[in-house]
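Each remark here refers to the structure printed beneath this line.
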Amino acid sequence: MTPPKTPKDTLRPEILEFTPYSPGLSIDEIKERFKLPGVIKLASNENPLGASPLVQRVLARRAETAFRYPQSGNPKLVAAIAAHHGVPASCVVPGNGSDEIIDLLLRVKARPGLDNVVAFDPCFSIYRLQAKLCGVELRQTRLGPDFSFPFQALLDLCDDNTALVFVTNPDNPSGHAVRAAELTYLAKALPPRALLVVDEAYVEFAQPEEEYSVMSRLGSLPNVVVLRTFSKLYGLAGLRLGFGVMPEWLADLLLRVRLPFSVNLLAEAAGIAALEDLHFRQATLETVRVGRDWLTSELTRLGCVVAPSQANFLLFTPPAPAKAVFEALLSKGVIIRPLASYGLPDSLRVSIGSEPENKAFIKAFEEALAPGEAGASGA
Ligand SMILES: *Cc1c(COP(=O)(O)O)cnc(C)c1O
């Protein structure tokens with residue numbers, strides 16, 4: 001036996017290829033770097049109105065219970081989610097963000113070294129990262145040039161060992177969305193072992209939501225899983241809460257292998273309160289819809305090509321090099337998202353903010369483009 005050269009050689013080889021997850025720059029980092037008094041972050045599709053005041057009150061009141069373990073399986077939260085969406089409680093699996101449900105589905109469904117999972121390129125990075133961690137092959141096909149979903153190409157990648165097919169609808173980072181009917185056709189065309197995972201992180205922002213979401217059709221779709229999150233519309237990104245709705249037999253198995261307390265006591269209380277705060281949700285939807293239209297017309301006026309979006313963000317191609325625009329915005333205290341890591345080096349993604357944030361972003365963007373100034377065109 002030859003001994004390992006370094007301690008790392010004793011690990012699974014796929015582990016060594018990981019680099020740290022890059023979540024976008026933080027407000028504090030940018031304040032510090034450019035000595036700015038205030039910074040606007042429109043980089044992670046967080047809620048433009050912050051956290052619901054009702055949720056904040058519930059969190060303050062429940063702080064004293066933090067010494068307790070949560071109830072196993074989070075039954076109160078599951079019941080509230082099931083009632084809200086009109087689905088059986090036995091089909092709901094809550095998780096530490098929908099990221100946890102993606103991870104669980106991969107680990108429960110895909111056999112390492114044997115099975116494959118299929119997604120579009122670009123796709124949400126967690127599908128790729130967790131597949132790699134599980135030792136499962138990821139097969140991808142490029143999105144259309146207008147970010148449309150070439151479903152036949154996706155089907156062509158599937159075979160008898162396809163465990164999961166991921167579709168994000170509306171998509172991130174483009175905001176493109178397809179009607180639910182198209183997804184039901186796709187589900188019916190998949191090979192028998194494959195499950196279709198429809199990631200609906202942004203579906204509430206699509207108009208009209210009912211025509212885009214497959215949630216109400218799950219009863220007749222035995223091979224479909226829907227993912228939802230409390231991170232965007234519900235404004236709870238920092239508390240980590242999401243869920244999957246899936247066939248009962250699968251939900252039962254996910255709950256058996258899930259770490260028992262992955263959804264913590266305060267996240268559970270916040271989630272229940274957030275479902276009750278209809279006013280906050282309506283205000284968020286209104287802010288996003290108005291802001292999305294306004295930013296689309298302003299960016300277009302400034303020479304950008306803006307992808308039509310059904311989500312709470314916009315993908316656009318600026319009339320100057322994207323990297324330079326991104327850097328110029330940073331120096332003015334506005335953080336948005338470069339898309340080079342998605343294979344889209346000429347494009348940028350901006351989250352829809354509050355009205356003052358959107359205005360500040362456009363002002364900084366205009367300055368960044370203005371000739372003669374130390375902006376993007378000079379870089
Ligand atoms: C933001 C986002 C999620 C949500 O992730 P959480 O773990 O629930 O915060 C899921 N899928 C996509 C495509 C997203 O952009």
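This one's a predicted model, so the numbers in the text were calculated from it and none came from an experiment. Counting starts at 1 for both ligands and their atoms, following the listed order.
Proximity to Gly97 (heavy-atom distance under 4.0 Å) selects the following atoms of ligand 1: 6 (P), 7 (O), 8 (O). Listed by number with element, the atoms of ligand 1 under 4.0 Å from a non-hydrogen atom of Thr168 are 13 (C).
Of the charged side-chain nitrogens involved, none lies within less than 4.0 Å of a carboxylate oxygen, so that Glu204 and Lys232 do not count as a salt-bridged pair. The existence of a salt bridge linking Arg256 and Asp252 is confirmed by a sub-4.0 Å separation between a basic side-chain nitrogen and an acidic carboxylate oxygen.
The two residues Pro122 and Leu344 make their nearest non-hydrogen contact at CG-CD1, 4.2 Å. Across all non-hydrogen atoms, the minimal contact from Ala364 to Val334 is CB-CG2, 3.9 Å. Shortest non-hydrogen contact noted between Phe149 and Thr168 is CZ-O, 3.5 Å.
Distances between N or O atoms of Ser231 and those of ligand 1 include at least one value under 3.5 Å. For the pair Thr229 and ligand 1, the shortest N or O to N or O distance falls below 3.5 Å. Residue contacts with ligand 1: Asn172 is placed with a nitrogen or oxygen under 3.5 Å of a nitrogen or oxygen of the ligand (distance criterion only).
Nearest protein heavy-atom contact of atom 15 (O) of ligand 1 is Tyr202 OH, 2.6 Å. Looking at atom 1 (C) of ligand 1, its nearest protein heavy atom turns out to be Lys232 NZ, 1.3 Å. What sits closest to atom 7 (O) of ligand 1 on the protein, heavy atoms only, is Arg240 NH2, 2.7 Å. Here the heavy atom of the protein found nearest to atom 4 (C) of ligand 1 is Ser98 OG, 3.3 Å.
Going from atom CG of Leu265 over to atom CG of Leu77 covers 11.0 Å, rounded to the nearest 0.5 Å. Here the CG atom belonging to Asp199 is positioned 6.5 Å from the CZ atom belonging to Phe124, to the nearest 0.5 angstrom. Between atom CG of residue Asn47 and atom CG of residue Leu236 there is a gap of 9.0 Å, rounded to the nearest 0.5 Å.
With a 4.0 Å cut-off on non-hydrogen atoms, Ala201 touches ligand 1 through its side chain and not its backbone. Heavy atoms of Phe230 found under 4.0 angstrom from ligand 1: none, in either backbone or side chain. Residue contacts with ligand 1 for Asp199 involve side-chain atoms from C-beta outward but no N, CA, C or O (heavy atoms, distance under 4.0 Å).
Heavy atoms of Glu100 stay at 4.0 angstrom or farther from ligand 1.
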Carefully, step by step, assess Tyr202 and Phe313 under the rule ring-ring contact (aromatic ring centres under 6.0 Å, His included).
CA-CA 9 Å; Tyr202 301 100; Phe313 52 81; 4.9 Å; yes

